[in-house]
Amino acid sequence: MSAHPSAGAANNFAEPDAARILALARGVLHTEAEALLELAPKLGDAFVSAVRLMLATPGRVIVSGMGKSGHVARKMAATFASTGTPAYFVHPAEASHGDLGMITGSDVFLALSYSGEAEELLSILPVLRRRGTQVIALTGNLQSTLALEADVALDASVAREACPHNLAPTTSTTAALALGDALAVALLEARGFSPEDFALSHPGGALGRRLLTHVRDVMHAKADLPCVGPDSSLADAVLAISRGSLGMTVVCDPQDQVLGIFTDGDLRRAFAKQLDLQAVKVREVMTPTPKTIRADKLAVEAVALMEKHRINQLIVTNAQGTLAGALNMHDLFKAKVV
């Protein structure tokens with residue numbers, strides 16, 4: 001009786017050379033890319049009907065599939081859900097053991113099976129039909145049982161798998177993923193789903209921070225700001241800068257109207273002019289009419305303004321032009337807006 005080599009034993013296969021490895025990898029990419037290009041002409045009335053079904057449903061889009069198709073279905077459901085189409089994945093085998101109760105007659109059932117003969121999917125179709133659930137099939141065989149039983153069947157057939165034995169689901173799963181993305185984008189556009197809507201679904205991501213973070217969320221409030229009057233001495237202004245952490249002090253009148261800003265840069269320029277630093281007033285060395293922004297503006301707008309004018313500090317005002325706060329580029333970096 002021959003012994004099988006253990007998992008840890010060294011194999012006796014010849015190591016492929018670099019040229020062979022790269023040739024195989026490039027062949028996979030070319031095969032899959034060609035298959036995707038061949039999918040485009042297959043889109044037609046069935047694709048439009050599928051989109052309209054998913055748009056019109058008062059329920060959710062339930063995506064299901066077995067094996068590799070199941071992995072694609074999970075990703076598809078996640079993409080739908082994050083782009084404005086309520087959706088979730090249901091495992092077809094689990095559906096036969098109770099999870100079918102999660103699906104109602106108001107939902108649309110999107111079933112993925114390349115052969116169109118997955119028993120786990122076919123076994124639950126009669127129950128879905130009795131409930132009035134509409135079914136969309138995404139399959140490589142439009143003459144399969146699944147395709148013929150569905151309300152709409154989408155053609156996801158490919159000429160061959162990228163696997164050299166034409167066995168492992170490779171090209172076919174890529175095609176299914178691409179069709180899922182095509183459905184998601186068509187639905188997104190039809191719903192008028194905006195970048196702001198996307199951000200609300202992704203508050204923890206970079207886009208969410210950029211589109212949901214406002215100036216008021218990152219600014220230093222007025223009460224925490226160093227502020228001096230226009231007739232204050234240069235020494236008072238320097239002390240005010242030292243008390244704060246922004247490298248600046250705001251120059252205001254008694255009614256908190258912003259008259260100017262005095263920064264570290266203004267101080268250096270005052271030294272360069274060889275002014276009488278004991279006698280000079282802040283109004284003589286400040287930057288008048290500084291750039292300002294409203295607290296309700298997006299933080300990314302503050303970034304754009306600061307980059308455009310090459311400044312590191314920005315004063316925040318309210319609708320009346322009075323001081324509301326301030327921020328600097330470090331605050332925006334800290335908030336991960338930049």
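Here the structure is a predicted model, which means the values were calculated and not measured.
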For the pair [X] and [Y], find out whether any cationic side-chain nitrogen is under 4.0 Å from an anionic carboxylate oxygen.
| X | Y | result |
| --- | --- | --- |
| Arg52 | Asp45 | no |
| Arg269 | Asp266 | yes |
| Arg216 | Asp296 | no |

Check whether [X] reaches the backbone of [Y] with its side chain - one donor and one acceptor, N or O, closer than 3.5 Å.
| X | Y | value |
| --- | --- | --- |
| Ser113 | Thr139 | no |
| Thr170 | Ala162 | yes |
| Glu161 | Thr171 | yes |
| Thr292 | Val316 | no |
| Thr317 | Leu323 | no |

Going by heavy atoms in the side chains, are [X] and [Y] under 4.5 Å from each other?
| X | Y | result |
| --- | --- | --- |
| Leu179 | Asp155 | no |
| Met76 | Leu112 | yes |
| Thr263 | Thr287 | no |
| Val285 | Leu234 | yes |
| Glu301 | Leu305 | no |
| Val250 | Ile261 | no |
| Val63 | Tyr88 | no |
| Ile103 | Leu100 | yes |

Rounded to the nearest 0.5 Å, what separates atom [atom1] in [X] from atom [atom2] in [Y]?
| X | Y | atom1 | atom2 | value |
| --- | --- | --- | --- | --- |
| Thr104 | Arg131 | OG1 | CZ | 8.5 Å |
| Glu34 | Leu29 | CD | CG | 11.0 Å |
| Met102 | Phe89 | CE | CZ | 10.5 Å |
| Ser64 | Leu128 | OG | CG | 9.0 Å |
| Met306 | Ile293 | CE | CD1 | 9.5 Å |
| Ser233 | Leu239 | OG | CG | 7.5 Å |

Of Thr133, Thr57, Leu55, which meets side chain to side chain contact (heavy atoms under 4.5 Å, CB included) against Val108? Thr57
Please name the residue in the list Leu154, Leu183, Asp151, Val61 that meets the side chain to side chain contact (heavy atoms under 4.5 Å, CB included) test with Ile136.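 Answer after filtering Leu154, Leu183, Asp151, Val61: Leu154.
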Does [X] [atom1] have over 12 foreign heavy atoms under 6.0 Å away?
| X | atom1 | value |
| --- | --- | --- |
| Lys75 | NZ | yes |
| Lys42 | NZ | yes |
| Gln257 | CD | yes |
| Glu189 | CD | no |

Decide side chain to side chain donor-acceptor pair (under 3.5 Å) for Thr145 and Glu117; before the verdict, give the C-alpha distance in whole Å, the side-chain angles of both, and the deciding distance to 0.1 Å. CA-CA 6 Å; Thr145 305; Glu117 301 296 341; 2.9 Å; yes
Quick one, Asn328 with Met248, criterion side chain to side chain contact (heavy atoms under 4.5 Å, CB included). Give me CA distance, side-chain angles, the key distance, then yes/no. CA-CA 9 Å; Asn328 62 17; Met248 52 81 77; over 6 Å; no
[X] and [Y]: which non-hydrogen atoms are nearest, and at how many Å?
| X | Y | answer |
| --- | --- | --- |
| Cys252 | Pro230 | O-CD, 3.4 Å |
| Asp236 | Ser232 | CB-CB, 4.2 Å |
| Val258 | Pro290 | CG1-CG, 4.0 Å |
| Thr249 | Ala240 | OG1-CB, 3.6 Å |
| Ala153 | Leu142 | CB-CD2, 3.9 Å |
| Val282 | Gly229 | CB-O, 4.3 Å |

Are [X] and [Y] in one and the same hydrophobic cluster, where Ile, Leu, Val, Met, Phe, Trp and Tyr link if side-chain heavy atoms are under 4.5 Å apart?
| X | Y | answer |
| --- | --- | --- |
| Leu314 | Val303 | yes |
| Leu36 | Leu177 | yes |
| Val127 | Val135 | yes |
| Leu327 | Phe333 | yes |
| Leu259 | Ile315 | no |

Evaluate Arg191 against Thr85 for side chain to side chain contact (heavy atoms under 4.5 Å, CB included), listing each step before the verdict. CA-CA 9 Å; Arg191 295 181 189 279; Thr85 297; 3.0 Å; yes
Verify side chain to side chain donor-acceptor pair (under 3.5 Å) between Arg160 and Thr31, making sure each step is shown before the conclusion. CA-CA 8 Å; Arg160 64 169 287 110; Thr31 299; 5.6 Å; no
Kindly indicate, with the supporting measurements, whether the criterion side chain to side chain contact (heavy atoms under 4.5 Å, CB included) is fulfilled by Leu225 and Leu246. CA-CA 9 Å; Leu225 291 182; Leu246 300 176; 3.5 Å; yes
Would you say Thr322 and Gln255 are linked by a side-chain donor-acceptor pair, where the criterion is simply a distance under 3.5 Å?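 No - no donor-acceptor pair under 3.5 Å links their side chains.
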